Number of protein chains: 2
Amino acid sequence: MGIYADKNRKTKQLIQRSFMQMLESKPFESITVGEIAKTAQMNRGTFYLHYTDKFDLLEQMEQQLFEDLGSHIDELQSRYSVMHTFGEGQEELAAALFRSIQFHVPALKIFLGDHGRAGFHIRFRDALAEKVRSHLEKDENFHAKGKVPMDYLLSFITSAFLGLIEQWVRNGLEKTPEEMAALYMNIISFIQKR
Amino acid sequence: MGIYADKNRKTKQLIQRSFMQMLESKPFESITVGEIAKTAQMNRGTFYLHYTDKFDLLEQMEQQLFEDLGSHIDELQSRYSVMHTFGEGQEELAAALFRSIQFHVPALKIFLGDHGRAGFHIRFRDALAEKVRSHLEKDENFHAKGKVPMDYLLSFITSAFLGLIEQWVRNGLEKTPEEMAALYMNIISFIQKR
DNA sequence: TTCAAAAATGAACAACCTGTTCATTTTGTT
DNA sequence: AACAAAATGAACAGGTTGTTCATTTTTGAA
């Protein structure tokens with residue numbers, strides 16, 4: 001093995017594409033391995049040559065999404081690491097974030113909706129929170145502000161951000177990433193004017 | 001029918017209790033009707049006398065949760081309707097909210113986690129958002145602040161709040177509702193100090 | 001081009017789950 | 001006690017699962 005990596009990758013991609021296509025019209029639970037194979041026009045046994053389960057399939061796709069988005073975010077963080085978390089470049093950073101998320105919307109639309117797998121939003125949020133945590137910890141201004149437990153703060157912030165993304169996806173991406181970033185800033189300042 | 005309502009209710013409760021008990025140790029997808037019946041020590045056919053599906057069962061339980069929590073919130077809103085949304089009584093209102101949620105934590109713990117059904121957090125958030133919307137609309141201070149689309153604002157706020165709840169549940173309810181309310185206020189003010 | 005290894009196929013398999021039916025028994029109400 | 005609703009047990013066909021095995025197709029390298 002290893003020499004036939006291309007072939008295997010292609011087959012896996014075919015399975016994944018077919019699977020995603022089906023997930024648009026029916027929920028994960030009601031999709032059978034047989035149907036996936038039929039859609040991908042391959043033998044059912046071939047599926048089991050690459051995945052142990054339909055759960056395994058979805059898990060690998062989730063993992064892949066997290067890795068892809070994670071490396072995007074890492075890249076952003078190194079580029080914006082100079083700025084303070086709540087400083088000048090916040091809107092710019094947010095826009096960049098919305099931009100990289102926009103790229104993965106087809107998958108997110110499915111995984112976050114009710115055709116995906118239970119608990120995805122938590123796994124996604126946790127992955128996001130980990131990135132935000134390391135970003136926050138580099139901000140020397142952060143520590144002084146104390147008083148708020150990190151886990152709750154992260155859960156609050158990332159959930160709120162994810163909520164915005166969900167609404168964005170639900171509205172059919174009718175706004176540009178830059179508009180979303182501006183919207184984000186407006187909401188923050190709205191909450192300030194209590 | 002109707003005369004035997006008690007008997008039916010009891011059987012349904014037995015099914016629901018058994019179901020919830022199983023959901024603590026295994027995910028919804030892997031639970032079979034046969035297992036539910038076995039746990040509840042009844043014939044499999046009896047299950048089908050009360051629910052068409054295991055999906056039907058979960059749906060009814062979700063619905064029930066929304067109704068219960070919804071009426072609690074309605075009650076709160078009428079009690080706190082005098083105050084402005086972001087006014088003095090906000091912390092008190094938040095505490096009351098956390099208190100009524102605390103009551104439903106056993107169910108929420110399951111439904112929000114990865115043993116539940118996909119998309120629950122969205123359905124829950126939507127139900128919550130509807131309550132918050134009507135509350136916001138009564139606040140005459142709200143309209144003037146404009147500039148932020150209602151749907152995004154609601155999604156942001158309710159997701160953030162739900163994120164706090166999720167973290168609370170995850171941490172095993174180690175804080176009182178009042179502490180959570182204080183925490184909530186602290187986070188809000190933390191975000192202000194940018 | 002040839003050839004061996006890897007991948008895909010088709011078919012079969014037992015085991016399980018589903019939803020429904022039906023005759024029978026148990027339970028609750030009057 | 002008598003009637004009606006609820007629960008039972010058993011059976012049913014239809015479908016899904018994951019695995020096996022012999023066979024064919026595809027692939028990359030000699």
Side-chain angles (χ1 to χ4, degrees), chain A residues 1-64 110 114-118, chain B residues 1-64 110 114-118:
Chain A
M1 55 171 167
I3 309 172
Y4 291 79
D6 263 23
K7 174 83 172 166
N8 283 323
R9 203 174 334 109
K10 273 190 179 179
T11 305
K12 278 191 144 194
Q13 277 177 1
L14 175 58
I15 291 175
Q16 294 192 1
R17 261 204 313 274
S18 308
F19 185 50
M20 288 294 271
Q21 186 189 318
M22 307 182 68
L23 277 172
E24 286 169 16
S25 60
K26 48 171 26 186
F28 172 71
E29 313 122 358
S30 76
I31 293 178
T32 69
V33 175
E35 284 174 315
I36 299 173
K38 194 178 168 190
T39 303
Q41 296 180 98
M42 64 174 57
N43 195 276
R44 191 165 65 90
T46 307
F47 176 93
Y48 288 107
L49 246 35
H50 295 275
Y51 300 99
T52 70
D53 243 16
K54 65 172 184 170
F55 297 94
D56 182 35
L57 167 57
L58 195 64
E59 222 161 89
Q60 286 193 32
M61 292 181 72
E62 274 189 16
Q63 205 55 40
Q64 204 173 301
I110 290 166
D114 54 6
H115 283 184
R117 195 166 138 250
Chain B
M1 55 169 167
I3 309 173
Y4 290 80
D6 263 23
K7 174 84 172 164
N8 283 322
R9 203 174 335 108
K10 273 190 178 177
T11 305
K12 279 190 143 193
Q13 277 177 0
L14 175 59
I15 292 175
Q16 293 191 1
R17 262 203 315 272
S18 308
F19 185 49
M20 288 294 271
Q21 187 190 318
M22 307 181 68
L23 277 172
E24 285 169 17
S25 60
K26 49 170 28 186
F28 171 72
E29 313 121 359
S30 77
I31 293 177
T32 68
V33 174
E35 283 174 315
I36 299 172
K38 194 177 169 190
T39 303
Q41 296 180 97
M42 64 174 57
N43 195 275
R44 191 165 64 89
T46 307
F47 176 93
Y48 289 106
L49 246 34
H50 295 275
Y51 300 99
T52 69
D53 244 12
K54 65 171 182 170
F55 297 94
D56 182 35
L57 167 59
L58 194 65
E59 222 160 90
Q60 286 192 32
M61 293 182 70
E62 274 189 16
Q63 205 55 40
Q64 204 172 300
I110 289 165
D114 54 6
H115 283 185
R117 197 166 136 250

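Computed from heavy atoms alone, side chains included, the values below leave out hydrogens, waters and symmetry copies. Here the structure is a predicted model, which means the values were calculated and not measured. Below, chains carry the letters A, B, ... as their sequence lines are ordered, and counting in each starts from 1.
The cationic atom of A/Lys54 (NZ for Lys, CZ for Arg) does not lie both less than 6.0 Å from the six-membered ring centre of A/Phe19 and within 45° of the ring axis.
Checked against C/dC17, D/dA7, C/dA5, the side chain of B/His50 finds its nearest nucleotide in D/dA7. Of the candidates C/dT18, D/dT8, C/dT9, D/dT8 carries the atom nearest the B/Leu49 side chain, counting heavy atoms from C-beta on. In this structure, the nucleotide among D/dT17, D/dT26, C/dT18 sitting nearest to the side chain of A/Val33 is D/dT17. In the set C/dA8, C/dA5, C/dT29, C/dT29 carries the atom at the smallest distance from any side-chain atom of B/Ile3. For B/Asn43, counting side-chain heavy atoms from C-beta on, the closest listed nucleotide (C/dT30, D/dG9, C/dG10) is D/dG9.
What separates CZ of B/Phe47 from P of C/dT18 is a distance of 9 Å, to the nearest Å. Between A/Asp53 atom CG and D/dT17 atom C1' there is a gap of 9 Å when expressed in whole angstrom units. Per the geometry, CD1 belonging to A/Ile36 stands 13 Å off C1' belonging to D/dT17, to the nearest Å. Distance, A/Glu29 CD to C/dC17 C1': 16 Å, rounded to whole Å. Between the CD1 atom of B/Ile31 and the C1' atom of C/dT18 there is a distance of 16 Å, given to the nearest Å. Rounded to whole angstrom, the span from the CZ atom of A/Arg9 across to the P atom of C/dA6 amounts to 18 Å. For B/Glu35 and C/dC16, the CD to C1' distance is 11 Å, given to the nearest whole Å. Rounded to whole Å, atom P of D/dG18 lies 12 Å from atom CG of A/Leu57.
Between B/Asn8 and the phosphate of D/dA6, there is a side-chain N or O to OP1/OP2 separation shorter than 4.0 Å. Proximity of A/Thr52 to the phosphate of D/dG18: no side-chain N or O atom is located under 4.0 Å from OP1 or OP2. For D/dG18, the OP1/OP2 oxygens have a side-chain nitrogen or oxygen of A/Tyr48 closer than 4.0 Å. Side-chain nitrogen and oxygen atoms of B/Thr11 include none within less than 4.0 Å of the OP1 or OP2 phosphate oxygen of D/dA6.
At most 12 heavy atoms of other shown residues, nucleotides or ligands fall within 6.0 angstrom of atom NZ in A/Lys38.
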Criterion side chain to side chain contact (heavy atoms under 4.5 Å, CB included) on B/Leu57 and B/Ile36, from CA distance to verdict | CA-CA 11 Å; B/Leu57 167 59; B/Ile36 299 172; 4.2 Å; yes
Mind running side chain to side chain contact (heavy atoms under 4.5 Å, CB included) on A/Thr11 and A/Leu49 for me, showing each step along the way?
-> CA-CA 10 Å; A/Thr11 305; A/Leu49 246 35; over 6 Å; no
Side chain to side chain contact (heavy atoms under 4.5 Å, CB included) between B/Glu59 and B/Tyr51, intermediate numbers included | CA-CA 10 Å; B/Glu59 222 160 90; B/Tyr51 300 99; over 6 Å; no
Could you please spell out the steps behind the side chain to side chain contact (heavy atoms under 4.5 Å, CB included) verdict for B/Lys10 and B/Asp6?
-> CA-CA 6 Å; B/Lys10 273 190 178 177; B/Asp6 263 23; 5.8 Å; no
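B/Arg44 contributes a side-chain N or O that forms a donor-acceptor pair with the base of C/dG19 under 3.5 Å.
In terms of position along DNA chain C, the nucleotide closest to A/Gln41 lies nearer the 5' end than the nucleotide closest to the other residue of the pair B/Phe55 and A/Gln41.
Bending across the helix from C/dT1-D/dA30 to C/dT30-D/dA1, expressed as the angle between its end axes from five pairs apiece, amounts to 30° (10° rounding).
Formation of a donor-acceptor pair under 3.5 Å by the A/His115 side chain with backbone atoms of A/Ile110 is not found in this model.
No contact: B/Asp6 has no heavy atom under 4.0 Å from any strand.
Taking 4.5 Å as the limit, every side-chain heavy atom of A/Ile15 sits out of range of all side-chain heavy atoms of A/Lys12.
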